[in-house]
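Please read the structure below before turning to the comments.
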Amino acid sequence: MVMRGSALFLFCPSACSFLSPHLLFVAEDRAGAPQPPCNTSHRWWMLMLASKGLLAMGNLIKVLGKDLENCPHFFLDFENAQPTEAETAVWNQVSAVLEEAHGILAELQSYNGAGQEIREAIQNPNDLQLQEKAWNAVCPLVAKLKRFYEFSLRLENALRSLLEALTSPPYAPMQHLEREQALAKQFAEILHFTLSFDELKMTNPAIQNDFSYYRRTISRNRLNNQQLEAENEVNNEMANRMSLFYAEATPMLKTLSNATTKFVSENKTLPIEDTTDCLSTMACVCRVMLETPEYRCRFTNTDTMLFCMRVMVGVIILYDHVHPVGAFAKTSKIDMKGCIKVLKEQPSNSVEGLLNALRYTTRHLNDDSTSKQIRALLQ
């Protein structure tokens with residue numbers, strides 16, 4: 001933004017040109033009348049008001065400065081980002097974990113449970129053949145649930161490595177995300193996996209039914225002084241940990257939330273804002289990419305839009321769990337109205353699950369500090 005004579009000009013990087021707000025008052029029917037630059041209508045109208053003397057110059061600079069500070073504008077290449085030499089060590093560590101993620105989701109998606117076998121065994125408690133049939137059906141499923149749980153522990157360690165890399169001095173979170181895009185992409189992939197896993201888990205009651213039957217059977221046999229071979233794979237201590245994990249409505253998100261909180265508490269020399277700013281910056285970057293045509297047109301894969309939306313919702317929920325006042329307060333660094341509006345502009349069948357995640361898995365939505373407008377947007 002510069003002054004030339006009595007005219008105020010705004011520099012628009014994407015257009016590489018100077019535009020004067022005095023041009024706003026060109027007659028509407030004049031050919032080639034200029035349009036607000038860079039899809040930044042808010043700034044455009046601030047400039048118009050300033051040019052007419054309706055907004056003091058100090059307030060204009062304050063508004064523009066705050067907008068630029070809170071909304072970093074850069075393209076985060078979720079499709080093609082490759083690690084630099086400095087990122088390679090962490091990237092390789094996290095990549096080894098993420099390689100399993102697709103397989104975990106595929107297994108969870110095809111998880112049908114042993115509901116019929118369990119019902120038959122319960123209805124016929126004296127039929128040893130049906131008891132054995134149910135047990136043989138449940139055991140491989142519990143082994144699968146154990147793999148899911150153990151993967152959550154590896155994911156927790158991967159997240160910690162990424163947080164260390166993306167919050168370390170001397171760079172600010174925005175600089176980290178822009179400089180280390182391969183790590184930012186992996187962080188996004190963890191969030192995408194987390195929301196996908198939890199969405200599948202929430203819609204599959206067979207998981208908890210199977211595990212409950214397994215534990216009841218183990219307890220019953222223990223009372224009868226019988227040791228079942230399956231206990232060697234899932235002992236009582238492991239079963240207790242798994243039970244706590246699957247009792248959560250969103251177990252993977254809970255794992256990430258606990259991991260992030262633990263990371264903050266263990267790194268006392270690192271201000272909590274460095275971690276929460278990393279999350280809020282990621283949410284802002286995703287929102288800006290989703291609402292800016294110049295960025296959206298750079299997506300070559302049709303699934304990238306949904307990926308970007310999932311990541312945005314994931315960091316919002318994580319921020320809301322980790323930040324002391326959450327994502328919905330006026331002091332939050334996340335533009336919740338803007339994020340919700342971006343989601344609502346998409347086809348409802350593709351975003352209803354994400355809106356439900358904001359409604360039901362956040363911590364501070366129903367706090368008194370949440371505005372009525374935001375609550376109304378999520379109704």
Side-chain angles (χ1 to χ4, degrees), residues 71-105 151-152 154-168 171-199 252-253 255-257 259-260 263 274-292 294-319 322 334 339 342 354 357:
C71 289
H73 285 60
F74 63 86
F75 183 76
L76 213 170
D77 194 350
F78 285 140
E79 294 178 342
N80 304 304
Q82 295 298 317
T84 61
E85 187 176 348
E87 297 171 86
T88 301
V90 174
W91 189 88
N92 285 337
Q93 177 192 341
V94 177
S95 182
V97 177
L98 286 173
E99 282 176 1
E100 299 179 53
H102 294 296
I104 294 286
L105 287 179
F151 181 76
S152 76
R154 292 196 292 277
L155 201 68
E156 180 180 346
N157 291 331
L159 177 71
R160 181 185 180 87
S161 297
L162 288 174
L163 286 174
E164 287 174 353
L166 293 172
T167 60
S168 60
Y171 301 114
M174 184 182 75
Q175 293 172 305
H176 273 298
L177 292 174
E178 192 168 11
R179 290 167 55 94
E180 296 149 22
Q181 295 216 358
L183 297 186
K185 178 174 180 272
Q186 287 185 320
F187 185 39
E189 287 170 343
I190 286 177
L191 291 165
H192 181 266
F193 166 83
T194 296
L195 262 66
S196 301
F197 182 96
D198 287 346
E199 193 174 310
M252 284 293 175
L253 179 64
T255 297
L256 296 197
S257 173
T260 307
F263 172 79
D274 284 21
T275 304
T276 54
D277 283 359
C278 178
L279 303 176
S280 61
T281 302
M282 178 78 90
C284 180
V285 169
C286 288
R287 176 181 62 78
V288 169
M289 289 200 300
L290 287 166
E291 67 186 10
T292 307
E294 290 87 346
Y295 288 154
R296 284 202 312 272
C297 70
R298 293 174 65 178
F299 297 154
T300 59
N301 191 323
T302 54
D303 293 334
T304 305
M305 279 282 289
L306 179 58
F307 179 90
C308 204
M309 288 187 282
R310 279 186 182 276
V311 173
M312 181 180 75
V313 169
V315 285
I316 288 171
I317 296 170
L318 199 54
Y319 182 100
V322 173
I334 297 178
C339 291
V342 164
L354 297 177

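Throughout, residue positions are numbered sequentially from 1 according to the sequence presented.
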Closest approach of [X] to [Y] (non-hydrogen atoms, all atoms of both residues):
X	Y	value
T275	L163	CG2-CD2, 4.3 Å
T292	V288	OG1-O, 2.6 Å
A188	M282	N-CE, 4.4 Å
V94	A158	CG2-O, 3.9 Å
M289	C308	CE-SG, 3.8 Å
L177	A184	CD2-CB, 3.7 Å

Give, for atom [atom1] of [X] and atom [atom2] of [Y], the distance between the pair rounded to the nearest 0.5 Å.
X	Y	atom1	atom2	result
L191	I317	CG	CD1	9.5 Å
T260	L279	OG1	CG	6.5 Å
I104	H102	CD1	NE2	12.0 Å
C339	E291	SG	CD	8.5 Å
Q186	L159	CD	CG	11.5 Å
D277	T167	CG	OG1	10.5 Å

Any ion pair linking E164 and R160 (charged N to carboxylate O, less than 4.0 Å)? yes

Go through it in stages, so that I can follow the logic: the residues are F193 and V97, the test is side chain to side chain contact (heavy atoms under 4.5 Å, CB included), and I'd like the CA-CA distance, side-chain angles, deciding distance and then a yes or no. CA-CA 12 Å; F193 166 83; V97 177; over 6 Å; no

Hey, could you give me each pair passing salt bridge (charged side-chain N to carboxylate O under 4.0 Å, His left out) that has a residue in residues 295-319? Not counting sequence neighbours.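 Residue pairs with at least one partner in residues 295-319: E199-R310.
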
What salt bridge (charged side-chain N to carboxylate O under 4.0 Å, His left out) pairs are there with at least one residue in residues 82-104, not counting sequence neighbours?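 Matches after skipping sequence neighbours: E100-R154.
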
Applying side-chain hydrogen bond (donor to acceptor under 3.5 Å, both in side chains), name anything that partners H192, two or more places apart in sequence or on another chain. none

Say whether, by atom type as modelled, one donor and one acceptor occur between the side chain of [X] and the main chain of [Y] under 3.5 angstrom.
X	Y	value
D274	A172	no
S257	L253	no
S95	N92	no
T304	N301	yes

E180-T84 side chain donor-acceptor pair, cut-off 3.5 Å: no

Any chance the side chains of Q93 and S161 put a donor and an acceptor closer than 3.5 Å?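 There is such a pair between these side chains.
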
Close side-chain approach of [X] to [Y], heavy-atom, < 4.5 Å:
X	Y	value
L290	M305	yes
C284	I334	no
S168	H176	yes
F187	V315	yes
E79	F307	no

Within a 6.0 Å radius of atom CZ on F299, are there more than 12 heavy atoms belonging to other residues, nucleotides or ligands? yes

Test side chain to side chain contact (heavy atoms under 4.5 Å, CB included) on S196 and M252 and set out the steps. CA-CA 10 Å; S196 301; M252 284 293 175; over 6 Å; no

With side chain to side chain contact (heavy atoms under 4.5 Å, CB included) as the test, would you mind laying out the steps for F78 and Q181 before giving the verdict? CA-CA 8 Å; F78 285 140; Q181 295 216 358; over 6 Å; no

Apply side chain to side chain contact (heavy atoms under 4.5 Å, CB included) to the pair T194 and L155, showing each step before the final yes or no. CA-CA 9 Å; T194 296; L155 201 68; 4.0 Å; yes

